[in-house]
Amino acid sequence: MRAPAFLGRLWRTRALLWGLLVAAIALLSLCGPWVVAHDPMAMDSTSQLLPPGRHHWLGTDPFGRDILSRLVWGGRRTLGVAGAAVLITVGAGLLLGLLSGYFGGAVDEAIMRVVDVMLAFPGLLLILGLVAVLGAGSKALAVAVGITGVPAFSRLVRSAAMSAREELYVLAALAVGCRRRRVITRHLLPNIVGPVVAFATVQFGWAILNASATSFLGLGESPSVPEWGSMLNLGRGYLRAAPWVSAAPGLAITLAVLSVNMLGDELRRLFDPALRWQGA
Amino acid sequence: MIGLVPTVWAVASLTFLALYLIPGDPAQVLLSESNATAAEIAERRAELGLDDSLPVQYGRYLWRLLQGDLGESLFTGRPVTATIAEQFPATLTLAIAGMIVTVVTGLGLGIVAAVRRGSWLDAAVSGVSAVGISTPVFWSGLLAIWLFALVLDWFPATGQGGLQYLVLPAAVLGFSSAGAVARVTRASLVEVMGKPFILVARSRGIGPRSILFRHVLQIALLPAVTVIGLQFGFLLGGAVVTETVFARQGLGRLVVKSVLRKDLPVVAGTVLVGVICYALVNLLTDLLYRALDPRVRSHLR
């Protein structure tokens, strides 16, 4: 695809718009901690449950902590956990999917059996089970969410690799005696990058939802550490008196996941209009 | 779709391995609070059969599982099966009610969007689905409590009891899956409506309503059936969160409590029950698919 045509399509499909929104959210969470005025952990008994105002833009929580600061710091942690989880998913999924799709036969059979068993778990239940085994905390959470995403991802990579395997250029590379490693890394991998990037984006949205759900259930870091999920859980008891405590993290989650999902949808259409899949 | 029995066996083996490989040992956890001596711990280990070899323990685990014995809670000492049986009906009720909401709203919105393709209704449905898919149940649940329980005072905010306690959680849980179902339903309907046989039916002068109900839906709803089955897994996870949001008893609360307490036999048991339910629902949708698909049906004749 020529560069100008590609950019033109990028613009028309609104992928750029959603991409910019995602980038803005990521940038805010990444650099925000240096910008916000308040310490996200500092409790202040004189300023509990203040409504949004000039001093505290998004108000304060029941411990007198500034919600905007906690939102920004929480975004850093929640998006960080989700990002790490997606890296794990993509890494393991690419490896398993490529092996399965390239070699086929017994390798494929073995890998897909394991994938089938993992897909038999309802997603969040597998995450909770893994958290029970690995212990609480951000690292364990990222690993649990990451592993849970692997089976669906390896299936996608496998089917993409299987169709790319039959392409003439791969057969030609094999015919002229290219080594297997070279065929996989130089010929197969670059040709499945599109769907992989698109699916990884959608997977990121899924990871944000599940990481914050687990944190909402009290299985993330300790409640003093800002996370979007646990911030919402804190606001649960103050819905009537101070709805802003849960509104801020709630809106943040929806906005982040929505823009990531829309970007993923657009990328999907952009890279491969023929590729069909069903999100489960 | 792999068979029900192999799936459950594989999942059970996996959970067994996880329990077996876990560092902290149950006997120690069990007695850590009572300042037990090393001898007492050793005795308890022998009692629990933790000194046996891996195959022996595995065999015993499977044998007990066949009899419905999932071990005992490390925390309360009660049989896991009894604890789960106690909580199961509440979660089942919530899941079924949520499923009904998902099916009715998901199919309804999807059909409306497809029939009015390109209209503002279509755009509204796709917008609502996108936001719905991106909103976690714990957030939509709090919004629902705020609006319908605190502001409007139509339903109780939390707890359980009669039907009025079920409405909000079921609606929130159901809507969370409805967006995905609506999308697939719409896409599938649009595809079928473009098929030649629909054009033929139209050219024969059959009314649009009759075409929709007698020709399109029969085939177009099949992918939706599959997705509804897959969404049930999502719904089970959502039920865990919904129960916490609405302070309802059930398997979700049980599993969260047990993860926090590191009560692994209960966690493993609950997850296994979740897997069995999920597999059963997928088996059902598989059968339903066969029963509904005119192409498969004609093969059977």
Side-chain angles (χ1 to χ4, degrees), chain A residues 112-114 116-136 148 202 205-206 208-210 212-219 228-229 232-233 235-236 239-241 243 246-247 249-262 265 276 278-280, chain B residues 1-2 6-8 10-11 13-15 18-19 21-22 130-131 133-140 142-143 145-146 149-151 157 180 183-184 223 226-227 230-238 240-241 244-245 252 255-256 258-260 262-264 267-268 270-271 274-275 277-279 282:
Chain A
M112 282 305 121
R113 277 287 145 79
V114 176
D116 277 342
V117 171
M118 286 181 74
L119 281 175
F121 288 91
L124 191 64
L125 279 186
L126 182 55
I127 295 176
L128 292 184
L130 287 170
V131 167
V133 172
L134 299 167
T148 305
V202 176
W206 178 87
I208 298 173
L209 282 180
N210 282 286
S212 48
T214 316
S215 146
F216 174 85
L217 294 172
L219 301 169
W228 286 350
L232 254 168
N233 195 5
R236 202 151 65 98
L239 268 185
R240 195 190 292 269
S246 30
L251 288 173
I253 294 174
T254 299
L255 185 66
V257 177
L258 182 67
S259 42
V260 167
N261 278 346
M262 297 308 272
D265 278 359
R276 292 264 210 88
Q278 291 174 344
Chain B
M1 172 83 201
I2 43 177
T7 308
V8 173
V11 168
S13 306
L14 213 68
T15 23
L19 289 176
L21 294 174
I22 274 188
V131 173
I133 290 170
S134 310
T135 304
V137 277
F138 52 88
W139 168 223
S140 49
L142 288 188
L143 278 176
I145 291 178
W146 178 75
L150 299 182
V151 176
R183 271 190 177 187
V184 174
T226 309
V227 168
L230 291 173
Q231 280 291 321
F232 187 73
F234 182 77
L235 207 101
L236 279 179
V240 172
V241 183
T244 301
V245 173
V255 75
V256 171
S258 306
V259 173
L260 283 169
K262 293 234 148 217
D263 197 343
L264 290 172
V267 176
T270 318
V271 171
V275 169
C277 290
Y278 187 29
N282 276 315

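Naming convention: chains lettered A, B, ... in sequence-line order (proteins, then strands); numbering from 1 in each chain.
Here the closest heavy-atom approach between residue L264(B) and residue A132(A) is recorded as CD2-CB, 3.7 Å. Nearest approach of K262(B) to V133(A), heavy atoms of both residues: NZ-O, 4.2 Å. The two residues G237(B) and L124(A) make their nearest non-hydrogen contact at O-CD2, 3.2 Å. In terms of heavy atoms, S134(B) sits closest to L258(A) at OG-CA, 3.2 Å. When all heavy atoms of L209(A) and T135(B) are compared, the closest pair comes out as CD2-C, 4.4 Å. Summarising the geometry of G233(B) relative to P122(A), their closest heavy-atom pair is O-CB, 3.4 Å, with the distance given to 0.1 Å.
Chosen from L251(A), I127(A), N210(A), the residue pairing most often with chain B at heavy-atom distances under 4.5 Å is L251(A). Ranked by heavy-atom pairs shorter than 4.5 Å toward chain B, the options V257(A), L125(A), T214(A), N233(A) are led by V257(A). The choice from D265(A), V131(A), L134(A), I208(A) that makes the most heavy-atom pairs within less than 4.5 Å of chain B is D265(A). The candidate from G218(A), S212(A), G205(A), P243(A) with the greatest count of non-hydrogen atom pairs under 4.5 Å with chain B is S212(A). Counting heavy-atom pairs closer than 4.5 Å to chain B, the top residue among G235(A), S246(A), G129(A), A136(A) is S246(A).
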Practice task
Start with the C-alpha gap between I253(A) and W139(B), add the side-chain angles, then the distance that decides, and say whether side-chain contact (heavy atoms from CB on, under 4.5 Å) holds.
Solution key: CA-CA 9 Å; I253(A) 294 174; W139(B) 168 223; 5.6 Å; no
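Going from atom CG of L126(A) over to atom CG of L14(B) covers 8.5 Å, rounded to the nearest 0.5 Å.
Within the 4.5 Å cutoff, side-chain heavy atoms of F216(A) are placed close to those of V245(B). Under the 4.5 Å side-chain criterion, counting only non-hydrogen atoms from C-beta, V267(B) is not in contact with L128(A).
If you measure heavy-atom distances from M262(A) to chain B, the contacts under 4.5 Å come from the side chain alone. Of the atoms belonging to F121(A), heavy atoms from both backbone and side chain fall under 4.5 Å from chain B. When heavy atoms are compared at a cutoff of 4.5 Å, V275(B) approaches chain A by way of both its backbone and its side chain. Both the backbone and the side chain of A247(A) come within less than 4.5 Å of a heavy atom of chain B. For L236(B), the part sitting under 4.5 Å from any heavy atom of chain A is the side chain, from C-beta outward, and nothing else. Using a 4.5 Å cut-off between heavy atoms, L119(A) contacts chain B through its backbone alone, with no side-chain atom that close. For S259(A), no part lies near chain B; criterion is any non-hydrogen pair under 4.5 Å.
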